[in-house]
There are 2 protein chains.
Amino acid sequence: MNTRQLKHFIALLDNPSLSAAAEEVHLSQPAFSRSIRALEEQLNVPLFTRSDRRLRPTPYALAWEATARRIVMNENEGKRHLQMMQSGKSGRVALGMGSSLMDELICPLLDKLLRDLPEVQINFSVDTSAPLLNLLRTRQIDFFVGDASIARYQQDLVVESLFTCGFAWYASSQHPLAKTTDIDIAMIKAWPMVIAAGYFDPAVVEHMESLYDLHSGLYQHFRVMSNDFQLVRHLLDSSDAILAATDISMIRAVETGKVVKLHVSPPLALTLTLGILRLADCELPPVCERVMDSIRQCFKHTEIRRAQLPNQ
Amino acid sequence: MNTRQLKHFIALLDNPSLSAAAEEVHLSQPAFSRSIRALEEQLNVPLFTRSDRRLRPTPYALAWEATARRIVMNENEGKRHLQMMQSGKSGRVALGMGSSLMDELICPLLDKLLRDLPEVQINFSVDTSAPLLNLLRTRQIDFFVGDASIARYQQDLVVESLFTCGFAWYASSQHPLAKTTDIDIAMIKAWPMVIAAGYFDPAVVEHMESLYDLHSGLYQHFRVMSNDFQLVRHLLDSSDAILAATDISMIRAVETGKVVKLHVSPPLALTLTLGILRLADCELPPVCERVMDSIRQCFKHTEIRRAQLPNQ
DNA sequence: CACGATTACGGATATCGTAACAATA
DNA sequence: TATTGTTACGATATCCGTAATCGTG
């Protein structure tokens with residue numbers, strides 16, 4: 001069964017004569033006539049009466065009409081959907097990133113996607129790098145945004161570095177140390193230190209330990225750790241906690257004046273490069289490229305806003 | 001777009017390997033491979049990744065799968081419907097007959113059709129011959145059951161004669177004349193005469209007028225005429241009316257003892273042949289043949305029951 | 001004869017099966 | 001080497017357009 005035949009059949013129902021229908025589908029009259037006959041033979045029913053020189057549909061034709069129109073409509077609709085997928089305007093994308101990117105990436109990205117790609121289905125996993133890596137390897141997500149250095153130890157990944165962020169100590173603007181200009185590590189340690197413990201590059205951990213003499217395991221020195229950034233962020237508002245975090249995670253809080261960056265010496269002279277991590281052997285559909293484009297735009301916008309921060 | 005390709009595509013999704021799918025659709029492996037490639041080229045999207053020697057569906061394939069299955073299902077369903085129509089088990093039939101056939105034909109026919117042809121849609125017009133003839137000519141009904149002699153004056157009709165019925169005078173079993181064995185026309189005229197006035201063959205009218213000296217127009221001598229037989233039938237139960245009617249219309253009423261046939265002399269020695277009337281140039285679908293078969297069976301059954309009537 | 005539909009026929013395209021080939025465990 | 005999928009190639013089938021034919025007003 002050929003959908004071309006079905007289109008001919010439908011054209012014949014919609015036109016007063018065979019020749020008019022043939023012209024509509026850009027076919028010669030004999031070819032069109034043969035096409036209809038072939039359909040009749042394939043279906044094994046007479047679709048048109050040819051008693052007089054006028055073709056008139058039989059009850060079979062009227063019954064088959066619904067089927068033919070449905071099939072042709074399905075085909076067109078399906079092709080349209082594929083084109084949408086091809087142009088990235090439709091499809092499904094599964095991605096992930098850490099909760100520390102909530103303000104600067106997750107929220108603006110979702111706003112943008114909901115506005116720009118209304119027919120795209122989004123599956124958003126907010127988690128730390130280790131679970132996201134697992135989701136990536138089991139093909140449950142297409143890519144995730146995380147520490148680009150992960151790719152150094154995972155040969156099956158490819159990374160596109162997008163944003164280099166610094167580290168710093170943060171506290172509430174109401175904190176006793178907020179106005180202090182010369183803070184050393186002993187003063188920091190007098191307050192509850194908190195951290196959002198996702199993946200950390202071993203080199204980062206080592207550097208941090210030596211910088212502040214935090215031996216016998218870095219994490220043991222923190223009072224609160226969580227995989228959820230919103231939780232440790234909350235502690236800054238409700239307590240005297242001091243948070244070690246990336247600058248990108250605190251840009252909005254600093255902008256609104258609720259949180260300040262502490263002037264600690266020696267400063268937390270570390271960098272973390274964020275990037276898009278994906279499997280090397282896996283080709284992603286266009287919709288993923290579209291979403292990654294949006295992520296790049298978000299990072300550029302964040303870059304500008306970080307540069308405008310007064311306390312940088 | 002060919003549904004054969006779509007079946008190949010579906011088979012490939014349903015089977016672990018290309019060769020298994022090729023076997024399922026009874027095709028050689030190379031031909032099957034080419035069929036899939038052709039579909040990919042027609043749709044202009046990669047449906048399967050061929051990185052390793054294993055074919056794995058792309059997101060495009062998963063999106064197209066729904067379309068392909070819908071199209072194939074529609075085709076199968078549509079073909080099945082045509083086959084049902086061809087065997088007469090499905091379709092639409094529009095027919096008509098007079099209300100005097102209610103007991104002996106309309107009711108048992110409908111019972112039979114509802115039981116035997118559950119997928120057939122029935123459009124039943126109950127009317128006299130003249131309107132039915134009009135419906136027939138405007139193709140609003142496929143055929144009707146009526147006086148076969150109509151075809152003598154209507155050359156565009158063909159008739160299949162099925163049942164020859166007699167005429168007689170009827171009255172309620174409670175009627176004063178019910179027990180009278182020798183009734184003449186003067187005694188009949190003393191009571192209100194009623195008749196269901198559908199089409200009557202001019203020869204019948206003429207004969208009836210001469211038989212009972214009912215000149216200056218036959219119908220003027222009747223107190224009640226109606227195109228609805230149930231109405232005049234009702235008068236027999238509720239009044240002293242006397243009804244001139246065909247025997248077939250009264251079989252059930254006589255069987256149940258509510259109505260009796262009057263012994264009038266001279267008797268109403270007329271016959272009316274009922275038959276199936278249809279247009280000569282119009283070929284009817286199989287479902288009509290099925291329904292006409294049922295009508296023939298009903299008439300046969302009525303023939304037997306009429307023969308068993310005591311007062312015949 | 002005019003008009004609409006159907007064959008007649010040569011050429012182009014598609015599709016098939018067998019066979020040969022490439023790639024991977 | 002066995003398995004799986006892809007080309008190579010010749011044969012067949014299908015489909016198209018031009019031209020001729022048929023059947024009615």
Side-chain angles (χ1 to χ4, degrees), chain A residues 1-58 60-61 68 71-72 75 79 156 279-283, chain B residues 1-58 60-61 68 71-72 75 156 280-283:
Chain A
M1 178 74 49
N2 200 308
T3 56
R4 185 173 52 247
Q5 289 179 311
L6 298 183
K7 288 171 192 156
H8 299 170
F9 170 69
I10 291 171
L12 185 49
L13 288 176
D14 290 341
N15 284 83
S17 74
L18 185 140
S19 23
E23 191 174 5
E24 184 178 283
V25 298
H26 308 294
L27 207 65
S28 71
Q29 200 178 79
F32 191 92
S33 177
R34 280 192 304 263
S35 177
I36 297 297
R37 285 212 107 94
L39 182 62
E40 287 180 309
E41 285 176 16
Q42 284 168 24
L43 295 176
N44 198 31
V45 292
L47 293 172
F48 295 89
T49 60
R50 296 169 170 78
S51 57
D52 45 0
R53 68 176 179 178
R54 179 153 201 75
L55 283 128
R56 283 194 308 190
T58 65
Y60 297 113
I71 289 176
V72 171
E75 185 194 353
K79 282 183 176 175
D156 55 340
L279 289 178
D281 61 350
C282 189
E283 190 178 354
Chain B
M1 178 74 48
N2 199 308
T3 56
R4 184 172 53 246
Q5 290 178 311
L6 298 183
K7 287 171 193 156
H8 298 170
F9 169 68
I10 292 170
L12 185 49
L13 288 176
D14 289 342
N15 284 84
S17 74
L18 185 141
S19 23
E23 192 173 5
E24 184 178 283
V25 298
H26 309 294
L27 207 63
S28 71
Q29 201 178 76
F32 191 92
S33 177
R34 280 191 304 263
S35 177
I36 298 296
R37 286 211 105 94
L39 183 61
E40 288 180 309
E41 284 175 17
Q42 283 168 26
L43 296 177
N44 198 32
V45 291
L47 293 173
F48 294 89
T49 61
R50 296 169 171 79
S51 56
D52 45 359
R53 70 176 180 177
R54 180 151 200 76
L55 284 140
R56 283 194 308 191
T58 64
Y60 297 113
I71 289 176
V72 171
E75 185 193 353
D156 56 340
D281 61 351
C282 190
E283 190 178 353

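Here is the naming used below: chain letters follow the sequence lines, and residue numbers restart at 1 for every chain. None of these values were measured; they are calculated from a predicted model.
- The nucleotide range of DNA chain D contacted by chain A, defined by atoms under 4.0 angstrom from heavy atoms of the protein and reported 5' to 3', is D:dC16 to D:dT24.
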Quick tally for nucleotides 10-23 of chain C: nucleotides whose base has a protein heavy atom under 4.0 Å get B, sugar-phosphate-only ones S, the rest -, giving ------BBBB----
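- Heavy-atom contacts from other residues, nucleotides or ligands closer than 6.0 Å to CD of A:Gln42 number more than 12.
- Straight-line distance from the CZ atom of B:Arg56 to the C1' atom of C:dT24: 15 Å, rounded to whole Å.
- Listed by first then second residue, pairs satisfying salt bridge (charged side-chain N to carboxylate O under 4.0 Å, His left out) with a partner in residues 12-22 of chain B read B:Asp14-B:Arg69, not counting sequence neighbours.
- Applying the salt bridge (charged side-chain N to carboxylate O under 4.0 Å, His left out) rule to pairs touching residues 38-49 of chain B yields B:Glu40-B:Arg50, sequence neighbours excluded.
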Apply the test side-chain contact (heavy atoms from CB on, under 4.5 Å) to residues B:Met1 and B:Leu6: give CA-CA distance (whole Å), side-chain angles for both, the deciding distance (0.1 Å), then the verdict. CA-CA 8 Å; B:Met1 178 74 48; B:Leu6 298 183; 4.0 Å; yes
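- Partners of A:Tyr60 by ring-ring contact (aromatic ring centres under 6.0 Å, His included), not counting sequence neighbours: none found.
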Report all side-chain donor-acceptor pairs from residues 21-28 of chain B shorter than 3.5 Å, counting only partners two or more places apart or in another chain.
from    : atom 1 : to      : atom 2 : distance (Å)
B:Ser28 : OG     : B:Ala31 : N      : 3.4

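- The shortest non-hydrogen separation linking A:Leu18 to A:Leu12 is CA-CD1, 3.7 Å.
- Between A:Lys79 and B:Asn44, every side-chain heavy-atom pair lies at or beyond the 4.5 Å cut-off.
- A:Arg37 has its CZ atom 7 Å from the C1' atom of C:dT6, to the nearest Å.
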